[in-house]
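Every heavy atom of this structure was used, including side-chain atoms; hydrogens, water molecules and symmetry mates were not.
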Protein chains: 2
Amino acid sequence: MVQYSRTRLDASFAALSDATRRGVLEQLGRADASITELAEKFHMTLTGMKKHVGVLEQAGLVTTEKVGRVRTCKLGLRELEEEAAWIERYRQLWDARFNELDKVVEELKRKEQADGRKKT
Amino acid sequence: MVQYSRTRLDASFAALSDATRRGVLEQLGRADASITELAEKFHMTLTGMKKHVGVLEQAGLVTTEKVGRVRTCKLGLRELEEEAAWIERYRQLWDARFNELDKVVEELKRKEQADGRKKT
DNA sequence: GGAATACTGAACCATATGGTTCAGTATGTA
DNA sequence: TACATACTGAACCATATGGTTCAGTATTCC
């Protein structure tokens with residue numbers, strides 16, 4: 001399998017598909033934190049947490065800065081606009097699709113009523 | 001690695017993290033389609049597309065029904081409410097966090113101005 | 001200087017993912 | 001009945017993912 005250019009949307013949805021990482025984002029929404037703090041909070045080795053932070057950072061959802069020996073993680077600059085937009089677009093398609101179905105159903109109902117009237 | 005219960009959010013974000021699958025959703029937003037049609041549209045083997053549809057179906061984003069030898073895929077019943085809600089919540093955290101920073105910046109500015117006035 | 005702290009990187013492991021081929025089965029059609 | 005169509009399932013492959021341990025390096029503190 002050749003790995004084609006992974007879009008940002010690919011990366012961020014993938015980043016969001018893990019409960020630990022979503023938790024980290026929530027956490028960072030409340031306060032910045034070091035890798036050690038996050039690792040403890042989520043009962044995980046430092047190395048493991050560092051990987052998760054790496055994934056979030058790659059996706060642009062988190063930024064980090066090392067001062068002395070401590071690397072501090074903060075929420076990234078992106079506000080998930082792109083992701084929200086995608087979902088919104090999907091919802092529009094979904095709406096359109098189901099409204100269409102509704103119309104068909106309405107149409108059927110009207111016909112039924114008409115038939116009913118004919119019979120009586 | 002033990003696989004813990006995968007939440008629906010895990011599954012749907014994972015499902016959305018692939019461009020082909022997002023494409024399939026867009027496609028189904030326009031019209032229902034058979035596996036064969038989707039496979040052709042996305043230049044992939046039937047089997048490959050079937051797997052993608054399986055992932056989408058598992059995540060509840062697509063439903064399928066087999067009539068005769070044709071399996072027709074439709075948009076699922078879920079409108080991605082849960083996902084939209086999660087992202088919205090994240091955006092609120094993000095806002096709160098950055099407003100807080102803004103306040104700090106404001107505060108610093110005010111102090112600077114005050115210092116400036118003192119000096120002149 | 002020496003110990004503790006905080007991260008970093010390499011190596012390893014099991015399972016998941018995204019694809020393929022190939023060999024069916026079931027259904028529709030001439 | 002025979003052939004084409006449409007899917008299904010198993011097996012396989014390479015790479016990714018989510019975790020670990022272990023052995024560093026860089027900083028801080030006594």
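Checking D:dG19, C:dG19, D:dT20 against every side-chain atom of B:D18, the shortest atom distance belongs to C:dG19.
Residue contacts for A:G68: at a heavy-atom cut-off of 4.0 Å it reaches the sugar-phosphate backbone alone, with no base atom in range. Nucleic acid contact for A:T47: base, since at least one base atom lies under 4.0 Å from a heavy atom of the residue. A:I35 comes within 4.0 angstrom of the backbone, heavy atoms only, and of no base.
Whole-Å rounding puts the B:F13 CZ to D:dT17 P distance at 17 Å. Residue A:E65 contributes atom CD, which lies 13 Å from atom P of C:dT8 at whole-angstrom precision. Atom pair B:R71:CZ and C:dT27:P shows a separation of 12 Å (rounding to whole Å applied). D:dG24 atom C1' lies 16 Å from atom CZ of A:R69, rounded to whole Å. Here C:dG19 presents its P atom at 13 Å from NE2 of B:H43, a figure rounded to the nearest Å. Distance B:M49 CE to C:dG18 P: 12 Å, rounded to the nearest Å. Atom CZ of A:R22 is separated from atom P of D:dG18 by 11 Å (rounded to the nearest Å). We find that NZ of A:K50 is positioned 15 Å from P of D:dT20, with the value rounded to whole Å.
Checking each of B:V24, B:V53, B:L28, B:L80 against B:L61 for a side chain to side chain contact (heavy atoms under 4.5 Å, CB included) leaves exactly one that passes, namely B:L80. Checking B:L16, B:L25, B:T64 one by one against B:L56, the side chain to side chain contact (heavy atoms under 4.5 Å, CB included) holds for a single residue, B:L25.
Toward the 5' end of DNA chain D, the nearer of the two residues B:L46 and A:A14, judged by each one's closest nucleotide, is B:L46.
Within the 4.5 Å cutoff, no side-chain heavy atoms of A:E37 are placed close to those of A:Q27.
Using a 4.0 Å cut-off, no side-chain N or O of B:K51 falls inside it from OP1 or OP2 of D:dT8.
Salt bridge annotation for A:E26-B:R89: present, with a cationic side-chain nitrogen under 4.0 angstrom from a carboxylate oxygen. Under the 4.0 Å criterion applied to side-chain N and carboxylate O atoms, B:R71 and B:E65 are not assigned as salt-bridge partners.
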